[in-house]
Amino acid sequence: MSRLRELGHDPWGQRFDGREAIRDLRGRQDEIQFRRANSNETISVPIDLAADPFRQWLGTQGQGELSGPTVRTTGRIMLLRDTGKLIFLDLEDWTGRIQLFIGKTQVGAENWELAQQFDLGDIIGVEGELRRTRTGELTIFAASLHFLTKSLEPPPDKHHGLTDPEARQRMRYVDLLYGDGVRDRFLDRTKIVQSIRQTLTQLGYCEVEGPTLHAIAGGAAARPFATHHNALDTKLYMRIALELHLKRLLVGGIERVFELGRVYRNEGISPRHNPEFTMLEVYEAFGDYGTMMDLTERLIVNATKAIGKGYVLPWGDTQIDFTPPFARRTYDELFHEKTGIDPLDAKAVANLAKGEGIETVGRHPDVIKSDLFEARVEDELVGPIFVTDYPASVCPLTKRKAENPAIAERFELFVHGMELANAYSELNDPDLQEELFRTQLAGMSADDSMARMDHDFIRALRHGMPPAGGLGIGIDRLVMLLTNSQSIRDIILFPLLRPEIGT
RNA sequence: GAGGCUGUAGCUCAGUCGGUAGAGCAACGGACUUUUAAUCCGUAGGUCCUGGGUUCGAGCCCCAGCAGCCUCACCA
C-alpha cells in the first residue's frame, strides 16, 4: 500500500474508460496475424489449438512473428506466476478470464515497479497487444498497467475456493469470485426472471407492485412475520402471498396483471425453503386454469431458452426434459395409478392411509386423500407434469367445476417431486368465499393471531370480480431446476443465516 | 421444534492407541525472460468453535452450549 503510494498510484483507483470485456477480447482472436520475416506476407493464426499442436504449427511457419490488436481491459488477478523477469497472471472480469504477460524489458521500468506490487485479488487495468504465447495461449502482452483496487484480504485456496457452505453464504462476495460457476448461476437467475417479465409483458400483462406490509396476511396458509407501525400504532404483517391484492386489481378492471415479488413466511428453513422467497402471480380476466396451464408452459419454455442450454437439463445424477408439451394428468388418475386404489372409494383410501401412518379419525376424506397423494404420488412425479382437478375441499380459493362441485379447477406443475406452479380458476363468488374462509379459520389454533377474516377482500368480490385464471410460480424453485441446484441457498444471493456475533 | 453429522493456520485438509500441532496453497525473503493450480530454496504463521469435566497428561474421551449441513415436522 505505502509502496503503491510512493510510486504515485492510488490504491483505490479511478474511473477507467474505453475498456473491453474479456469475452469480447476472446472474440477478437481471429485478428491475430503471423508475419513472415523477409516478406510482407501475413497469414491468420489458427484458434483453439492445444499447446503441442500449436507449437508444431508455429514450427512449420519458419521465421517471423505474431501480431495482434491493441486492447484495453480490466480484471481481478486470479492467478499469478512470477518467473523472475516475467510475470504471467490470469485476469478475470464477469465475462471471462484471460492471461496477461508482463515482461521486464517489454513493459518499462515504471510499469515493472508497479507490477511488483500486484497481489492475488487486486483489480488492475491494462493496455497491450492481444496475441498468443509460444504455447498458443491467448494473452495480452502488457504495454501499460494501471492500479485500480487493492484487495487487503487474502483470497481463498486458488484451486478449491471456499467449500464451507456457511462461509460461502456469509461471504457471498468471495463465493461469487472464487466459486466454480457461482457467478454464472446467479446471472442465469437474472436471465430467467427477465425472460418471465418479457414473456408476460409481450402478452399484454401489466406488472404491478402490491403492498408488502399487510394488516391481514392472507392468500396462503403460512405464519407471517409480525411488525409494528409506530405512527399508526398498529400491528402489521409481512405479506405471505401476492394473491388478494392482485385480485382486488382484477375487480378494479386491470384485466391482465402480474407481480414478481418477495414474500415472507415465518416457517422452517430447509434446502427448499428460505424465509423470504420470490413468487410470480398472474391473473387474467375471462380466462380459467386452462388458460394458465398454456401460459405456465410458455413461461417455463421461454425461461429454459433464455439460459441457452437446450430443453434437456441436468439434475443431479439425472435429467429434466423441458421439451413441450408437458404431460397433463388428472389427480384421480395419478392417485389410482400410483396407489392402485379407487380415489372415490373413501373407505379404501382411509385404510391405505392408516397403513401409511396418516391420521384418519375425524378428518375430511379429501384431506386424507391429499395427505396420501403427498406421501405416495408427488415424489414419483418426475415431470414436468401438470396435475389437474383437485378435490374441492382442499382448495379454498378455487372455483368448482360446474358439472361436478366436488372437483376444483386447479392444477399444480410438478418436476422431480417439487411443486413448481399452482393455478386455479379463481373463485369469485363472495358468499362462498366468505364461507370457505370461515371454515379455514375455524381449523386454526387461537395463537395464530393473524388468522382473521379479510372483510375488505370479500367486499371487493361483492363489487364483481370477473371470472379469471390465476397462477403462482415459485421463482426460486424454477431457478433451482433450471440451474441444477439442489439447495435453494445456492440460488438466493443472501439466504437467511443466524446473525454473526462479535463482528 | 426432534434426530444425525461437522467445526484444527487466511483457504483446502491430515492428525494413528490419550503423550511436543502437521501438509499443500496463500503471506514474507531469495533464484528464474514463455508460465498454465509455474517450479526450486528458506522464513513466519494456531482461542484445535466455546465453557466445564475425567486424566499425571485431552485436538482426540464425557457433559453443556454455539454455529453450519442433512433428515423429519410446519411451509412453497
Side-chain angles (χ1 to χ4, degrees), chain A residues 50-51 54-55 58 66 77-90 97-107 112 119-121 131-139 141 151-171 174-175 177-180 219-224 240-243 263-281 357 371 374-375 378 412-414 417-422 444-445 448 472-478 480 486-490 495-503:
Chain A
F54 184 83
R55 255 193 273 260
L58 204 59
L66 295 169
I77 299 171
M78 302 301 283
L79 292 174
L80 193 148
R81 298 176 288 280
D82 182 350
T83 71
K85 298 189 176 64
L86 283 184
I87 298 171
F88 292 90
L89 49 85
D90 285 10
R97 197 183 268 220
I98 197 163
Q99 178 170 264
L100 181 61
F101 172 103
I102 306 170
K104 185 175 182 181
T105 57
Q106 293 89 329
V107 84
W112 185 251
D119 285 319
L120 292 175
R131 53 176 206 269
R132 287 178 191 284
T133 62
R134 283 176 202 168
T135 58
E137 179 80 20
L138 190 66
T139 299
F141 288 77
S151 169
L152 296 174
E153 294 288 335
D157 187 289
K158 58 190 175 189
H159 188 49
H160 301 97
L162 286 181
T163 60
D164 175 18
E166 181 181 359
R168 290 181 50 203
Q169 292 164 44
R170 287 199 196 279
M171 297 193 284
V174 175
D175 191 37
L177 288 170
Y178 297 97
D180 202 20
R223 290 186 301 185
I240 57 171
L242 314 175
E243 178 150 358
V263 298
Y264 306 85
R265 297 188 181 179
N266 206 339
E267 308 278 0
I269 296 175
S270 87
R272 292 179 181 189
H273 300 88
N274 192 60
E276 51 178 313
F277 62 102
T278 304
M279 289 261 305
L280 167 72
E281 291 197 24
D371 280 358
E374 283 173 28
E378 286 187 2
E412 294 195 326
L413 176 64
F414 284 91
M418 244 195 283
E419 183 194 327
L420 188 56
N422 186 11
M444 283 186 171
S445 59
D448 284 325
I473 294 181
I475 297 300
D476 306 274
R477 291 186 173 178
L478 176 62
M480 286 170 70
Q486 323 298 302
S487 171
I488 198 168
R489 289 183 287 266
D490 290 334
L496 187 70
L497 289 169
R498 206 173 282 275
E500 261 180 302
I501 43 169
T503 51

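What you are looking at is a predicted structure, and each value in this text was computed from that prediction instead of being measured.
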> Could you verify whether a donor N or O on one side chain and an acceptor N or O on the other, from Gln486(A) and Arg272(A), lie under 3.5 Å apart?
no

> Want to settle it: does Leu120(A) or Asp164(A) sit nearer the 5' end of RNA chain B, counting the closest nucleotide to each?
Asp164(A)

> A23(B) and A58(B): how far apart are their C1' atoms, nearest whole angstrom?
23 Å

> Counting side-chain heavy atoms from C-beta on, which of C69(B), U12(B), U71(B) comes nearest to Pro271(A)?
U71(B)

> What nucleic acid atoms does Thr133(A) come within less than 4.0 Å of, heavy atoms only: base, sugar-phosphate, or nothing?
base

> Name the closest nucleotide to the Arg55(A) side chain, picking from C70(B), C13(B), U35(B).
U35(B)

> CG of Asp82(A) versus C1' of A27(B): gap in Å, rounded?
14 Å

> May I have the distance from Leu496(A) (atom CG) to C69(B) (atom C1'), rounded to whole angstrom?
15 Å

> Determine whether any donor atom in the side chain of Thr139(A) lies under 3.5 Å from an acceptor atom in the base of U34(B), or the reverse, and answer yes or no.
no

> Regarding Glu166(A), tell me which of base, sugar-phosphate or nothing describes its non-hydrogen contacts under 4.0 Å with the strands shown.
sugar-phosphate

> If the cut-off is 4.0 Å, is Thr163(A) near the phosphate of C13(B), judged by side-chain N/O to OP1 or OP2?
yes

> When the C1' atoms of A26(B) and G45(B) are compared, how many Å lie between them, rounded to an integer?
11 Å

> Rounded to whole Å, how long is the line connecting atom CZ of Arg498(A) with atom P of C69(B)?
11 Å

> For G7(B) and U12(B), measure between their P atoms and round to the nearest Å.
13 Å

> If the C1' atom of G3(B) is compared with that of C48(B), how far apart are they to the nearest Å?
27 Å

> Counting the atoms with a prime plus P, OP1 and OP2 as sugar-phosphate, which does Glu153(A) contact under 4.0 Å by heavy atoms, base, sugar-phosphate, or nothing?
nothing

> Rounded to the nearest angstrom, tell me the gap between atom CZ in Arg223(A) and atom P in A73(B).
15 Å

> Could you tell me whether the side chain of Glu276(A) and the main chain of Tyr264(A) form a donor-acceptor pair under 3.5 Å?
no

> Round to a whole Å and report the spacing from CG of Asp90(A) to C1' of A37(B).
10 Å

> Base, sugar-phosphate or nothing for Leu162(A)? Non-hydrogen atoms, less than 4.0 Å.
sugar-phosphate

> Quick one: sort the Phe141(A) and Phe101(A) rings into parallel, tilted or perpendicular, breaks at 30° and 60°.
tilted

> Kindly indicate whether a cation-pi arrangement holds for Arg265(A) with Phe277(A), taking the cut-offs as under 6.0 Å to the six-membered ring centre and within 45° of the axis.
no

> Considering only the C1' atoms, how many Å lie between C11(B) and C56(B), rounded to the nearest integer?
38 Å

> Here's a test of your reading of the structure: between Asp119(A) and Gly84(A), which maps to the more 5' nucleotide of RNA chain B?
Asp119(A)

> Find the distance between CE (Met171(A)) and CG (Leu162(A)) and round it off to the nearest 0.5 Å.
5.5 Å

> Would you indicate which nucleotide in G10(B), U71(B), A76(B) comes nearest to any side-chain atom of Pro154(A)?
G10(B)

> Rounded to the nearest 0.5 Å, what separation is found between the OG1 atom of Thr139(A) and the CZ atom of Arg132(A)?
8.5 Å

> With sugar-phosphate meaning primed atoms plus P, OP1 and OP2, does Arg132(A) contact a base, only sugar-phosphate, or nothing at under 4.0 Å between heavy atoms?
nothing

> Which whole-number value in Å describes the distance from Arg168(A) CZ to G10(B) P?
21 Å

> Centroid distance below 5.5 Å plus an interplanar angle below 30 degrees: do Phe277(A) and A76(B) meet both conditions?
yes

> Which nucleotide sits closest to the side chain of Arg489(A): G24(B), A26(B), C70(B)?
C70(B)

> Between C74(B), C13(B), U35(B), which nucleotide gets closest to the side-chain atoms of Arg81(A)?
U35(B)

> For the CG atom of Leu89(A) and the CD atom of Gln99(A), what is their distance to the nearest 0.5 Å?
8.0 Å

> Treating Glu137(A) as the side-chain partner and Thr133(A) as the backbone partner, does any N or O pair qualify as donor plus acceptor under 3.5 Å?
no

> When the P atoms of A73(B) and A2(B) are considered, how many whole Å apart are they?
16 Å

> Return the nearest nucleotide to the side chain of Leu79(A); candidates are C13(B), U34(B), A38(B).
A38(B)

> Using a distance-only criterion (donor-acceptor N/O pair, under 3.5 Å, no hydrogens), is the base of U39(B) paired with the side chain of Thr83(A)?
no

> So which nucleotide from U12(B), U34(B), A67(B) ends up closest to the side chain of Leu86(A)?
U34(B)

> For the side chain of Ser487(A), starting at C-beta, report the closest nucleotide among A67(B), U34(B), C70(B).
C70(B)

> Quick one: label Ser270(A) by what it contacts on the DNA or RNA (base, sugar-phosphate, nothing), any heavy atom closer than 4.0 Å.
nothing

> Quickly work out the Ile102(A) CD1 to A38(B) P distance and round it to whole Å.
14 Å

> Which whole number of Å gives the distance between the P atom of C28(B) and that of G10(B)?
16 Å

> Could you state the CD1-C1' distance from Ile269(A) to A2(B), rounded to the nearest angstrom?
16 Å

> Assign Glu137(A) to base, sugar-phosphate, or nothing according to its heavy-atom contacts below 4.0 angstrom with the strands shown.
base

> Which part of the nucleic acid, if any, lies within reach of Gly472(A) when heavy atoms closer than 4.0 Å are counted: base, sugar-phosphate only, or nothing?
nothing

> Among U33(B), U35(B), A76(B), which is the nearest nucleotide to the side chain of Gln106(A)?
U33(B)

> Categorize Gly268(A) for me: base, sugar-phosphate, or nothing, with a 4.0 angstrom heavy-atom threshold over every strand shown.
base

> Could you measure between the two C1' atoms, the one in G19(B) and the one in U55(B), and give it in whole Å?
12 Å

> Of the listed nucleotides (A67(B), C11(B), C25(B)), which one gets closest to any side-chain atom of Pro156(A)?
C11(B)

> Using 0.5 Å steps for rounding, measure from the CH2 atom of Trp112(A) to the CG atom of Leu86(A).
6.5 Å

